[in-house]
> 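Below you'll find the structure I mean.
All ligand and atom numbering here is 1-based and tracks the order in the structure.
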Amino acid sequence: METIRLAGRIILNCEIEAVTGLHIGGKGGNLEIGGVDNPVIRDVLTQQPYIPGSSLRGKLRSQLERKLNADQNKSVGKAKIHMCEKKEHPCRVCRLFGVPASSDFGSPTRLLVRDVAMTEASVQRLNKAFTDQQFTELKSEVAIDRVTAMASPRNIERVPAGTVFGPAELVFSIFEAEDLELLKDLRDGLQLVEDDYLGGGGSRGNGKIRFKNLKFALRTTENYSEPNPVGEYAALADFEKDLNQLIEKIEAALKF
Ligand SMILES: [Zn+2]
């Protein structure tokens, strides 16, 4: 991989609100009698449910691949993802999410998404509520076996609607001036995820989320220790309205 110089990083902090119950699956299940069939992923130390950065990033990626009509040509586990095969002009998906150096060529990852914990306010709210499990509710669903037509009930563990996770942190690395255009893809990706769902059971009403209180800060390579606030928006729609000005502001602050 040729070396390319980092010009700066945009740090996006925001909150993610579960508008409906949210189920992001964890390990285990049926470990004990009366245990949860489909548990949510929890922090090992605090036992609090969280949103893994990989879940959000994977969802952003798959939504953008579909929007940009990128060929899902590579298998990763059970999923298919897109990866450009030619070194020349990697597409927007490959520039945003990177191409591993182990392929014929590498392209640096521009977008990094960190794990998101519940806000302290949500922890306290759920601690006071009488939920089925600690911090969560159980939703029973009836699964119908397609062959035998037998119905079997099962429990899906969900984080209740109204729970807020945050601050989420998305780090966007900028190497060249054209990278700033990828912010539009990031914006579209966030909107696509809002209109779709996060986690499991989206078709049964789970996983509607909303991004709130988006704060953008810029760290330039020249002055990396001081993050410079460049935009603050209550919701994605406000970010959308200001996006072109935001890009101009960031471009003026960076030296390419
Ligand atoms: Zn590509």
Side-chain angles (χ1 to χ4, degrees), residues 1-14 16 24 51-116 168-200 202 207 209 211 214 216 218-221 230-231 236 239-240 243-244 246-248 250-251 254-256:
M1 196 193 302
E2 57 193 297
T3 345
I4 50 173
R5 183 184 155 273
L6 180 73
R9 285 197 166 110
I10 300 166
I11 321 283
L12 164 59
N13 285 128
C14 66
I16 301 174
I24 297 179
I51 298 176
S54 55
S55 295
L56 179 53
R57 191 175 185 279
K59 192 73 191 185
L60 279 167
R61 179 175 191 140
S62 65
Q63 292 288 306
L64 277 174
E65 284 175 352
R66 281 184 206 163
K67 176 177 183 283
L68 298 170
N69 203 17
D71 181 26
Q72 294 180 321
N73 53 343
K74 286 268 183 306
S75 294
V76 175
K78 283 186 205 161
K80 284 229 161 204
I81 65 162
H82 159 78
M83 214 173 273
C84 277
E85 281 165 346
K86 292 207 179 79
K87 182 184 172 139
E88 289 75 34
H89 311 298
C91 74
R92 276 141 62 186
V93 171
C94 290
R95 285 168 60 210
L96 198 52
F97 296 96
V99 174
S102 57
S103 75
D104 291 346
F105 68 104
S107 177
T109 296
R110 272 129 180 123
L111 184 67
L112 193 147
V113 183
R114 302 202 197 279
D115 291 348
V116 198
E169 186 176 88
L170 285 78
V171 182
F172 184 87
S173 297
I174 308 153
F175 299 100
E176 46 200 356
E178 300 87 81
D179 288 350
L180 291 176
E181 285 297 304
L182 296 174
L183 268 180
K184 294 180 179 170
D185 294 314
L186 175 62
R187 182 271 323 268
D188 287 350
L190 294 170
Q191 187 65 59
L192 285 160
V193 174
E194 268 197 7
D195 297 339
D196 204 72
Y197 61 90
L198 201 58
I209 56 134
F211 297 100
L214 300 96
F216 290 83
L218 176 69
R219 288 185 190 270
T220 64
T221 306
V230 284
L236 270 187
F239 169 37
E240 156 72 33
L243 185 58
N244 288 325
L246 181 70
I247 288 176
E248 278 171 30
I250 294 169
E251 192 159 18
L254 292 171
K255 297 190 177 71
F256 292 105

> Centres of the Phe216 and Phe239 rings: under 6.0 Å?
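Here the rings of Phe239 and Phe216 have centres that are less than 6.0 Å from each other.
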> Test of understanding: with side-chain contact (heavy atoms from CB on, under 4.5 Å), list the residues that count as partners of Ala177, not counting sequence neighbours.
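Ala177 satisfies side-chain contact (heavy atoms from CB on, under 4.5 Å) with Glu251, Phe256 only.
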> Between Arg9 and Ser173, does any side-chain donor sit less than 3.5 Å from a side-chain acceptor?
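Their side chains do contain a donor-acceptor pair, which is all the 3.5 Å distance test asks for.
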> Which residues and atoms, counting only protein N, O or S, are under 2.8 Å from the Zn ion (ligand 1)?
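Short answer, with waters excluded from the count: His82 NE2, Cys84 SG, Cys91 SG, Cys94 SG.
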> Pairs in or reaching into residues 181-192: which pass salt bridge (Lys or Arg N to Asp or Glu O under 4.0 Å), with residues at least two apart or in two chains?
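Those involving residues 181-192 are Lys67-Asp188, Arg92-Asp185, Glu181-Lys184, Arg187-Glu240.
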> Consider side chain to side chain contact (heavy atoms under 4.5 Å, CB included). Of Leu243, Leu170, Ile10, which one does Leu186 pass it with?
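With Leu186 as partner, Leu243, Leu170, Ile10 yield a single side chain to side chain contact (heavy atoms under 4.5 Å, CB included), made by Leu170.
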> Checking Arg57 now: which residues fulfil side-chain contact (heavy atoms from CB on, under 4.5 Å) with it, not counting sequence neighbours?
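With sequence neighbours excluded, Arg57 shows a side-chain contact (heavy atoms from CB on, under 4.5 Å) to Phe97, Thr109, Val113, given in chain and number order.
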